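Note: hydrogens, waters and symmetry copies are ignored here, and every other heavy atom, side chains too, is used. Sequence positions, counted from 1, serve as the residue numbers for this chain. Just so it is clear, the structure is predicted and the values come from calculations on it, not from any experiment.
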Amino acid sequence: MTDGLALYLAAWLLTYLIHSTLLLGGVFIVLRIGGRRLETWAELAWRVAMFGAVVTSVVQMALPTFIVTEPAGSITRVTLGVVPLIIGFWLVIASLRVTALVLSLWTVRRRLAGRAYDLHIGARANEMAGGATIRLSLSSEIATPMVLGTRELCLPTRTLHELSTDEVDAVLAHEVAHVLRRDPFWLTLAAVVQRALFMQPLNALASTRMRALAECSCDDWALARTGNPLALASALARVTEWIVRTPAHAVVIAMASRESLALARVRRILDGRTHTNSLAPKRARTSALLLLVATVLLVPGISAKGGFPYPYTISAFDAAGPFTVTVEQGKVIGVSVDGVRLPFDHVQQTGGRVHVRDPRGAALELKLNTSGGMSWQSRPAR
């Protein structure tokens, strides 16, 4: 990894932490204060906060330098050699965590390789979906209904033997709702963000809330479709019993996940505390867009344009030997060759190009780049 790229990634990570903390923390506080009055906004708010912070930090890094994004006095100095180590550590850990996620999903797929497809039950699922093409399979390797990919429902084989017809319809309606809402995509994306950007603990909270809200919304859709709360609550309770000893994989979208969440959903269904999402799509999109624009323009971040806003030192060597260059705000403020600091009249800078005369009289041509690194033309060997 080049020093310039490491600096740029470090600036982006710091900017992301600032944006994500404000967005996720703000959503948590607002929803906590608003209570049930903001229930229809909750899922959208968590999505915007979790994924929007990634977008706003990337956009802000790419904006022209006239937008001030550097928090004064937050950091005073950085040694360039440490930054690549930190960024490298983050990339290794993030890669391992995401790889583990992919391997876990692959393991589930491998376990379900022998699943059988049921056209009759699949036709019932397609009818509930309004004609959408949904494949339905059965497997004895799982303990809870789940969505595979984007268009397949997989039910435990015992579903057709141990649940009543009304309960099976409730299960199908709930899982069809997951497919129509594209929950596999959103929740898997949330899992990737949580694992890759693990330095933000609020991502775990957002992922948990998004999953709970998705389950409740699917319960609401299933109730509206079947009109049988007792069947849905009974099916959910039975499925929860199935997974107590053999829990379902957290990545795959399933009808029941944690026992505590399932019990809360049963109470919610039986108490009639469901709701219809009355949030107008156009209004929701407009509100989300305005929030993200305001975040980019008003929330501070760390800028990598023209170098970091504090001094840093680049250590390098070429055929003639080692040298170091100290840069501040895109301007070279010191050069050392073989450990000897050169006088200022040996260094001439024009924009991003720097001409250095070393003690032997050889010319060293440097070129600073906007991400904080540099390239150079090697001097002849001694």
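- Here CG of N203 is found 9.0 Å from CZ of F51. Values are rounded to the nearest 0.5 Å.
- No donor-acceptor pair under 3.5 Å is formed between the side chain of S139 and the backbone N or O of R115.
- Residues M199 and L17 are in side-chain contact: their nearest non-hydrogen atoms beyond the backbone lie under 4.5 Å apart.
- Residue-environment remark: CD (Q348) stays at or below the threshold of 12 foreign heavy atoms within 6.0 Å.
- At most 12 heavy atoms of other shown residues, nucleotides or ligands fall within 6.0 angstrom of atom CZ in F317.
- With a 6.0 Å radius and a threshold of 12 heavy atoms from other residues, nucleotides or ligands, L119 has its CG atom at or below the threshold.
- Between A196 and A94, the closest heavy-atom pair is O-CB, 3.5 Å.
- Heavy-atom minimum distance, S57 versus H19: N-ND1, 3.7 Å.
- Using cut-offs of 30° and 60° for the angle between ring planes, the W376 and F323 rings count as perpendicular.
- Classified by interplanar angle (parallel below 30°, tilted 30° to 60°, perpendicular above 60°), the ring pair H178/H174 is perpendicular.
- With hydrogens and angles ignored, the 3.5 Å screen pairs a side-chain donor or acceptor of R111 with a backbone N or O of E141.
- Remark: the backbone N or O of I333 is not paired with any side-chain donor or acceptor of E328 at under 3.5 angstrom.
- A donor-acceptor pair is defined here as one N or O able to donate and one able to accept, closer than 3.5 Å; no such pair exists between the side chain of T350 and the backbone of R353.
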| said: Determine whether L13 and I87 satisfy the following criterion, side-chain contact (heavy atoms from CB on, under 4.5 Å), listing intermediate values before the conclusion. | reply: CA-CA 9 Å; L13 278 177; I87 297 302; 3.8 Å; yes
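- With S234 contributing its side chain and L230 its backbone, the two residues share no donor-acceptor pair below 3.5 Å.
- Shown here is E162, whose CD atom has more than 12 heavy atoms of other residues, nucleotides or ligands within 6.0 Å.
- Annotation: the span from N126 atom CG to L153 atom CG amounts to 8.5 Å, rounded to 0.5 Å.
- Ring centroid separation for the pair Y8 and W12 does not come in under the 6.0 Å cut-off.
- Across Q60 and V296, no two heavy atoms sit closer than the pair NE2-O, 2.8 Å.
- One distance of note links CD1 of I142 with OG of S137; it measures 7.0 Å at 0.5 Å rounding.
- One finds the CG atom of L202 at 9.0 Å from the CZ atom of F28 (value rounded to the nearest 0.5 Å).
- Contact record, A125 with I134: O-CD1, 4.5 Å, taken as the closest heavy-atom pair.
- Counted within 6.0 Å of CZ on F344, heavy atoms from surrounding residues, nucleotides or ligands total 12 or fewer; the atom is thus considered open.
- Closest heavy-atom contact between Q349 and V332: OE1-N, 2.9 Å.
- Side-chain atoms of T326 and T313 include a donor-acceptor pair closer than 3.5 Å.
- A donor-acceptor contact shorter than 3.5 Å links the side chain of R225 to the backbone of M128.
- When all heavy atoms are compared, the tightest approach of T324 to S315 is CG2-OG, 3.6 Å.
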| task | Using the salt bridge (charged side-chain N to carboxylate O under 4.0 Å, His left out) rule, take E43 and R181 through it: C-alpha gap first, then chi angles, then the decisive distance, then the call. | result | CA-CA 12 Å; E43 190 170 12; R181 285 166 37 88; 2.4 Å; yes
